[in-house]
Visitor: 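Have a look at this one.
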Amino acid sequence: MKVVIVGGVAGGATAAARIRRLDEQAEIIIFERSGYVSYANCGLPYYIGGVISDQRDLTLQTPENFQRRFRIQVHVHHEVTAIHRTEKTVTVRNCKTGEEFTESYDKLLLSPGAVPNHPRLPGSGTDKLFTLRTVEDTLHIRSYIDRNHPKSAVLAGGGFISLEVGENLRKLGMDVTIVQRPKQLMPPFDADMASLIHAEMRRHGVHLALGRSVEGFEERDGGIDVLLRDAQPLHADMVIMAIGVSPDSKLARDAGLALGVKGSIAVNDRMETSDPDIYAVGDAVQVKHFVTGEDTVIALAGPANKQGRIAADNICGGDSHYKGSQGSSILQIFGLTAAATGINETAAAKAGLKTDKVILSPSAHAGYYPGSRLMTMKVVFEKETYRLLGAQIIGYDGVDKRIDVLAAAIRCGMKATDLKDLDLAYAPPYSSAKDPINMAGFIIDNLAKGIVRQWYAEDADSLPRDGSAVLLDTRTPEEYAAGHVDGFINIPVDDLRSRIKEIETGKPVYLICQSGLRSYIAYRILTGCGYECYNFAGGYRFYEAVYNDRCLNEQASACGMDQHP
């Protein structure tokens, strides 16, 4: 059997190695148009910033290593330009010499990846404008920085690449502005959770121009002006376009293979295309979203690796199936870690799902053990069924393991109420006897049993402030004086029983405290005395982050971008 693989990196290289492990006699050939067949594309921003100092550390496997260990032929700087399905051949062009030749196959695997979105804007031909997708792109940016010592940069786009590059450029001492058409960074997160990301970026001096669209570029005064719709241009020494990627499906389209959403390559759960002898994997393919069941494109390394393995199994006569992607992801943002899995509240609404949520701020480990810091968790679930839909966590230590527990819970079909029953490892340096995952489950269980009802940050402006309700902050007087929600009175939870006559009966009581715990205790005291109560989801700490972010965004809208924090 002869297998030709188009593209390396996560999907293609993984498939090639798996095929060899399953079939020692197969002839395997990889054609990769870049100069690197297997590289750490997630590490590229960190080479720009010098965190990864040796270029060789970006290379996971070389053509020589593939040949020596796996007896796989790898041809870098070779681009497959056409597929001839009837003849079962491909046309290949040597990118260095221009020579073209034909290669036959029994099975063909497409792993072309994705290409950066780069709209044809006026002035986009400037050499001060960059994209980041390959090792060559990284070396080009790093070389430009080393030669020209730019002092400022504008990043167009607010996703993973933009934030990682922005952090690394700030660490090089550059003035950085991120321009994003939506009014928030990081679409996997809901706007309320994104406010924590915005605060961390601003705290480290990154300017945010949210809700702004780039319309073109003009070179001026040795730098480049980024032209914005309805705002003054931003001047910088360089610009990096990071407004997302699109499936690289031209080869498949030209060959007449069926396409899916966003022009992706349509495949079944065996990673087979509409041609039974052609498979496709990675960022270019359409997959089922594990949570919604909808067709989607999810460009992440983890799914690409799994798909490569599944395609290899089936090419070698097996029967492996891809069960869908749920978009589990994690990102370092200066001192913070931000992670998400499944779908967020916004995506659930678009999918027509009726949802509820809990927001909590537990400590990463036992509070009495030194170094404990808070994280913010948001868990989204389906009303009535309590099916887990997704989660977002932002914090410091322990974010990664909690998001992985939640990702596994979603994959196993657990209900949100089941989180309370998980038996998770505990020692003071690592967790608490009631792990943050369990705490989320306890709150959801209370909601399910009617023990607590919630109000949310988006309700703050519409709370009744005409005297028809009681708005109660249960923190200490010192905490209340440092900042509180407009219209709320202060009775500390420990004084509540002795001062309960100050709270008018017959009126609903809306409660808040710093994290949600003290206000929940107050909730139970008051409901035990006949009051109708609602507890704030997330606590004042969370409210303050959302409110401050909204104010800063409104100020920025007036002048086109953030001022210095």
Side-chain angles (χ1 to χ4, degrees), residues 1-32 37-38 60-61 63 65-75 78 80 82-92 102-113 247-249 251-252 255-260 264-288 290 295 297-298 300-325 411:
M1 177 176 64
K2 182 178 181 181
V3 183
V4 170
I5 299 175
V6 181
V9 197
T14 295
R18 175 70 171 172
I19 292 169
R20 173 56 72 226
R21 291 194 294 271
L22 297 177
D23 188 342
E24 180 61 23
Q25 305 308 317
E27 182 182 0
I28 307 168
I29 304 173
I30 300 176
F31 293 111
E32 167 60 46
V37 65
S38 180
L60 303 178
Q61 289 284 352
N65 289 342
F66 266 107
Q67 178 61 44
R68 183 167 53 249
R69 176 165 293 182
F70 298 110
R71 197 164 49 84
I72 294 172
Q73 301 176 47
V74 177
H75 301 280
H78 280 70
V80 173
I83 301 169
H84 313 287
R85 291 165 56 193
T86 303
E87 297 83 3
K88 296 185 75 170
T89 62
V90 295
T91 298
V92 185
T102 299
E103 191 73 54
S104 63
Y105 66 84
D106 295 312
K107 299 290 183 181
L108 179 65
L109 174 66
L110 303 180
S111 180
D248 189 357
S249 56
L251 193 62
L257 297 176
L259 300 182
S264 58
I265 305 171
V267 294
N268 59 21
D269 63 358
R270 289 169 48 86
M271 308 315 297
E272 296 169 333
T273 69
S274 54
D275 185 317
D277 291 320
I278 302 178
Y279 294 73
V281 300
D283 295 355
V285 305
Q286 172 182 285
V287 296
K288 292 289 185 184
F290 184 80
D295 292 331
V297 177
I298 295 181
L300 292 169
N305 273 280
K306 296 177 184 70
Q307 294 159 15
R309 179 184 175 92
I310 288 167
D313 286 354
N314 295 323
I315 286 171
C316 293
D319 188 27
S320 293
H321 299 263
Y322 188 67
K323 298 181 180 180
S325 300
R411 180 65 55 159

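It should be emphasised that the depicted structure is a prediction, and the values quoted were computed from it without experimental measurement. All residue numbers refer to positions in the sequence shown, counting from 1.
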Visitor: According to side-chain hydrogen bond (donor to acceptor under 3.5 Å, both in side chains), who are the partners of Ser325, at least two apart in sequence or on a separate chain?
Guide: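 Only Tyr322 meet the side-chain hydrogen bond (donor to acceptor under 3.5 Å, both in side chains) criterion with Ser325.
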Visitor: Output all residues satisfying side-chain hydrogen bond (donor to acceptor under 3.5 Å, both in side chains) with Lys323, sequence neighbours left out; order by chain, then residue number.
Guide: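 With neighbours one apart ignored, the set is empty.
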Visitor: Hey, does Glu103 have a side-chain heavy atom less than 4.5 Å from the side chain of Thr89?
Guide: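 No, every pair of side-chain atoms sits at 4.5 Å or beyond.
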Visitor: Is there a side-chain contact between Ser104 and Glu87 in this structure, where contact means two heavy atoms from C-beta onward sitting under 4.5 Å apart?
Guide: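 No. Closest side-chain heavy atoms not under 4.5 Å.
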Visitor: What pair of heavy atoms forms the shortest contact from Ile72 to Ala16, and how long is it?
Guide: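 Looking at all heavy atoms of both residues, the shortest contact is CD1-O, 3.4 Å.
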Visitor: Would you call Val297 and Val285 a side-chain contact if the rule is heavy atoms closer than 4.5 Å?
Guide: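 No, side chains not in contact.
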Visitor: Does the side chain of Met1 come within less than 4.5 Å of Val3's, by heavy atoms?
Guide: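 Yes, at least one pair of side-chain atoms sits under 4.5 Å.
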Visitor: Please give me the minimum heavy-atom distance between Ala15 and Leu109, naming the atom from each residue.
Guide: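 Closest heavy-atom pair between Ala15 and Leu109: CB-CD2, 3.2 Å.
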Visitor: Please check if any side-chain donor atom of Thr14 sits under 3.5 Å from a side-chain acceptor atom of Asn305, or the reverse.
Guide: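 Thr14 vs Asn305: donor-acceptor pair found between side chains.
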Visitor: Counting N and O atoms only, with roles assigned by atom type, does the side chain of Arg85 sit under 3.5 Å from a partner on the main chain of Ile278, one being a donor and the other an acceptor?
Guide: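 Judged by distance alone, no pair lies under 3.5 Å.
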Visitor: Looking at every heavy atom in both Val281 and Gly12, which two are closest together, and how far apart are they?
Guide: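 Heavy-atom minimum between the residues: CG2-N, 4.4 Å.
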Visitor: Main chain of Thr91, side chain of Thr102: is a donor-acceptor contact present, judged purely on distance under 3.5 Å?
Guide: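 Looks like no, no N/O pair under 3.5 Å.
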Visitor: Do Val287 and Pro303 touch side chain to side chain, with heavy atoms closer than 4.5 Å?
Guide: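 The answer is no; the side chains never approach within 4.5 Å.
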Visitor: Answer yes or no: is there a side-chain heavy-atom contact under 4.5 Å between Phe31 and Val6?
Guide: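 Heavy-atom side-chain distance check fails, nothing below 4.5 Å.
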Visitor: Can you tell me how far CG of Asp23 sits from SG of Cys316, rounded to the nearest 0.5 angstrom?
Guide: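 Cys316 SG to Asp23 CG: 5.0 Å, rounded to 0.5 Å.
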Visitor: Output the distance between atom CD1 (Ile5) and atom CG (Leu108), rounded to the nearest 0.5 Å.
Guide: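 Reported to 0.5 Å precision, the distance equals 9.0 Å.
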Visitor: Search all heavy atoms of Pro112 against all heavy atoms of Ala284 and return the closest pair with its distance.
Guide: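 Scanning both residues, the minimum pair turns out to be CG-CB, 3.7 Å.
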Visitor: Do Lys2 and Asp106 meet the salt-bridge criterion of a basic N to acidic O distance under 4.0 Å?
Guide: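 Judged by the 4.0 Å cut-off on N to carboxylate O distance, Asp106 and Lys2 do not form a salt bridge.
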Visitor: Pair Asn314, Met271 - check side-chain contact (heavy atoms from CB on, under 4.5 Å), show working.
Guide: CA-CA 8 Å; Asn314 295 323; Met271 308 315 297; 5.6 Å; no
Visitor: Any chance you could measure Gln286, atom CD, to Asp295, atom CG, to the nearest 0.5 Å?
Guide: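 One finds 3.5 Å between CD of Gln286 and CG of Asp295.
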Visitor: Would you say Val90 and Tyr105 make side-chain contact, with heavy atoms under 4.5 Å?
Guide: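 Sidechains of Tyr105 and Val90: in contact.
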Visitor: Using a 4.5 Å cut-off on heavy atoms from C-beta on, say whether the side chain of Gln73 contacts that of Gln67.
Guide: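 A side-chain contact under 4.5 Å exists here.
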Visitor: Would you compute the distance between atom CG of Asp283 and atom OG of Ser111 and round it to the nearest 0.5 angstrom?
Guide: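 Going from CG on Asp283 over to OG on Ser111, the span is 8.0 Å.
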Visitor: Would you say the side-chain atoms of Gln307 pair up with the backbone N or O of Gly282, donor to acceptor, closer than 3.5 Å?
Guide: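 Checked: pair present.
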Visitor: Give me the atom names and distance for the closest heavy-atom approach of Leu259 to Ile265.
Guide: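 Answer, listing the atom of Leu259 first, then Ile265: CD2-CA, 4.2 Å.
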Visitor: Using side-chain contact (heavy atoms from CB on, under 4.5 Å), reason through Leu110 and Ile83 one step at a time and then give a plain yes or no.
Guide: CA-CA 10 Å; Leu110 303 180; Ile83 301 169; 3.9 Å; yes
Visitor: So, taking the atom named CG in Asn268 and the one named OG in Ser274, what distance separates them when rounded to the nearest 0.5 Å?
Guide: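 Here the rounded value is 10.0 Å.
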Visitor: Got a sec, which pairs hit salt bridge (Lys or Arg N to Asp or Glu O under 4.0 Å) with one end in residues 307-319, sequence neighbours left out?
Guide: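 Residue pairs passing salt bridge (Lys or Arg N to Asp or Glu O under 4.0 Å), neighbours aside: Arg18-Asp313, Arg270-Asp319.
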Visitor: Nearest heavy-atom pair of Val74 and Phe66: which atoms, and what distance?
Guide: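 Here Val74 and Phe66 meet closest at CG2-CB, 3.7 Å.
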Visitor: Is it true that a side-chain atom of Thr273 and a backbone atom of Tyr279 form a donor plus acceptor pair closer than 3.5 Å?
Guide: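 No, the answer is negative, given that no donor and acceptor are paired below the 3.5 Å cut-off.
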Visitor: Could you please spell out the steps behind the side-chain contact (heavy atoms from CB on, under 4.5 Å) verdict for Glu24 and Arg71?
Guide: CA-CA 9 Å; Glu24 180 61 23; Arg71 197 164 49 84; 3.4 Å; yes
Visitor: So with a 6.0 Å cut-off around CZ of Arg69, is the heavy-atom count from everything else above 12?
Guide: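 No, not enclosed.
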